[in-house]
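Below is one structure, written out as structure tokens; comments come after it.
Both counts, for ligands and for their atoms, begin at 1 and track the order of listing. Hydrogens, waters and symmetry mates are skipped; everything else that's a heavy atom, side chains included, is used.
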Amino acid sequence: MGQNRQMPKEEGLDHSLKLLKEGYQFIINRRHTMQSNVFETRLLGDKAICLSGSEAAKIFYDNDKFKREGAAPKPVQKTLFGEGGVQGLDGEAHKHRKAMFMSLMSKDDLQEIRRLTKKYWELAATEWEAQKEIVLYEEVKKILTRVACEWTGIPLDENEVAHRAEQLSDMFETPADVSLSHFKGWRARSKAEDWIEELVKEVRNNEREVAKSRALHAFSWHKDHNGELLDENIVAVELLNLLRPIVAISVYIAFTALAVHEYPEKAKSLKGGDSVQLQWFSQEVRRYYPFFPFTAAKVKESFTWNGYEFEKDTLTLLDLYGTNHHPDDWENPDRFEPERFSEWDKSPFDFIPQGGGEFDIGHRCAGEWITIDVMKESLDYLVNHLSYTLPEQDLSFSLTEIPTVPQSKVKLTNVERII
Ligand code: HEM
């Protein structure tokens, strides 16, 4: 057994404001100055530990060492996750609830979401042909709202699309914000929960028919590990845990369009729609561009790792963005190189834009396969079924705003379908 060591520590009373200010670089900056993948800081008035890199990620995803109960700060629950959802569960309750999500991820389910993605890109592109200019990020949010609703069995009227797209995106565009826009996110969640709860009631009262294969049916009738139906509000929270992040894939699609524009040499290999090339390019977009900065847990029982003491109940953040760019795990991490995925060993701990570890027993994102498939289908559409130009615009993106998208949200002109 090694000797206990003092964990590198950032002095000061509280650094929460610095976290908001430094965004994706908060943990990276301190990893550099302290020359350590593990360090202590203070957040939300309490001691907190930050971890980075695949070795530390392995520890973070050990269920004997970390728990999720009480880890997400209230503002994040009030907008992004919702209260009582799968993200905050542990043990049997989590395993059971997670299985409910993973049961929707069969080959047929994935094929269906790819079909819908293509269908709604095609529909939207037909309209874009008549427009002088479109803002891709905003348009894709509407495409994915249609996809998400149809895939889950949630009815959506034509005249509702823009409103629901805005409501669902307010929940992920504002979570870290402490200002008025946080209030917007909170209000959007509350209204969206009412909308979905009403539908769940109708399904349960046999007033609404929905195909058995759709999530609205599956979640409404799901029984928890004690054999009880879920509370209607929890069903709504979990259905929103499908709708909201499907719409959020629009962030990655905005970055995909940016990558096609900024790395035309790399994009050449996508002509012809080879699935492997589309996969590598999409994976590199998820590795290279920022989305979720980190994820949070609390120490379950005190333990020692590499000589450092982790005290029970300490808030611990795992740097997702920083791990995807960690020089111990990636060669030339700051270059955009899709071909790196030809050699990737599929470790569940180094490439973690949507969390790491295992899907079933851990908290790794339930929608990772969906995300990849929707991205690939969208990339194929952009490169092989559409012609367009990018007018003069500000395509830079900030690493201090969470989440971030290119400033201009990617404007396209002269859009035409290639038939
Ligand atoms: C837009 C791209 C997405 C990103 C960047 C993303 C990111 C993440 C991250 C970072 C986590 C937490 C991992 C952890 O704490 O260990 C997570 C969890 C989760 N994601 Fe995603 N996600 C995305 C898309 C999706 C989609 C499309 C769905 C569903 C259709 C989804 C459903 C979930 C669920 C249910 C969880 C909770 C899993 C658990 O606690 O066991 N996500 N996601």
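Not a single heavy atom of Arg286 lies less than 4.0 angstrom from ligand 1. Residue-ligand proximity: Phe60 is placed with every non-hydrogen atom at 4.0 Å or more from ligand 1. Residue contacts with ligand 1 include Gly362, since one or more of its heavy atoms lies under 4.0 Å from the ligand.
Scanning all heavy atoms of the two residues, the minimum distance from Leu399 to Pro290 falls at CD2-CG, 3.7 Å. Taking both residues in full, the closest heavy atoms of Lys409 and Val135 are given as CB-CG1, 3.5 Å, listed atom of the first, atom of the second, then distance. When all heavy atoms of Ala236 and Glu193 are compared, the closest pair comes out as CB-O, 3.8 Å. Here the closest heavy-atom approach between residue His225 and residue Ala93 is recorded as CE1-CB, 3.6 Å.
Contacts between Val86 and ligand 1, counted as non-hydrogen atom pairs separated by less than 4.0 Å, involve both the backbone and the side chain. Contact annotation for Ile249 and ligand 1: heavy atoms of both the backbone and the side chain come within less than 4.0 Å of the ligand. Of all the heavy atoms of Gln354, the ones lying under 4.0 Å from any atom of ligand 1 are found in both the backbone and the side chain.
Polar contact with ligand 1: present for Thr295 (N/O pair, distance under 3.5 Å). On a distance-only criterion, Arg364 and ligand 1 share no N/O pair closer than 3.5 Å. Polar contact with ligand 1: absent for Trp151 (N/O pair, distance under 3.5 Å).
Atom 10 (C) of ligand 1 has its nearest heavy-atom neighbour, among Phe81, Phe359, Phe292, in Phe292. Among Gly88, Ala366, Gly85, the residue whose heavy atom lies nearest to atom 34 (C) of ligand 1 is Ala366. Distances from atom 32 (C) of ligand 1 to the heavy atoms of Thr152, Ile246, Asn241, Leu89 put Asn241 nearest.
Between Phe310 and Trp305, the angle of the ring planes goes over 60°, which puts this pair in the perpendicular group of the 30/60° scheme. Aromatic ring orientation, Tyr288 versus Phe336: perpendicular (interplanar angle above 60°, classes split at 30° and 60°). The aromatic rings of Tyr321 and His325 sit tilted, their planes meeting at an angle between 30° and 60°.
Within the listing of ligand 1, atoms 10 (C), 13 (C) sit less than 4.0 angstrom from a heavy atom of Gly355. Near Ile370, with a cut-off below 4.0 Å to any heavy atom, the atoms of ligand 1 are 30 (C). Counting the atoms of ligand 1 from 1 in the order shown, those under 4.0 Å from a heavy atom of Phe291 are 1 (C), 2 (C), 5 (C). Listed by number with element, the atoms of ligand 1 under 4.0 Å from a non-hydrogen atom of Leu320 are 10 (C). The distance from ligand 1 to the heavy atoms of His94 drops below 4.0 Å at these ligand atoms: 39 (C), 40 (O), 41 (O). Residue-ligand proximity, Gln87 to ligand 1, at heavy-atom distances under 4.0 Å covers atoms 37 (C), 40 (O). Which parts of ligand 1 touch Tyr252 is read off a 4.0 Å heavy-atom cut-off, strictly below it: atoms 2 (C), 5 (C). Under a 4.0 Å criterion applied to the non-hydrogen atoms of Tyr61, ligand 1 contributes the atoms 14 (C), 16 (O).
Within a 6.0 Å sphere centred on CZ of Arg335, heavy atoms belonging to other residues, nucleotides or ligands number 12 at most.
No side-chain heavy atom of Trp186 sits less than 4.5 Å from a side-chain heavy atom of Asp170.
Applying the ring pair (Phe, Tyr, Trp, His ring centres under 6.0 Å) test between Phe397 and each of Tyr289, Tyr24, Tyr137 identifies Tyr289 as the sole match. The salt bridge (charged side-chain N to carboxylate O under 4.0 Å, His left out) test with Arg114 singles out one residue from Asp108, Asp109, Asp373, and that residue is Asp373.
Side chain of Asp394 to backbone of Ser396: a donor-acceptor contact under 3.5 angstrom is found.
Of the protein's non-hydrogen atoms, Pro245 CB, 3.4 Å is the one closest to atom 26 (C) of ligand 1.
Electrostatic pairing of Arg30 and Glu10 counts as a salt bridge here, judged by a charged N lying under 4.0 Å from a carboxylate O.
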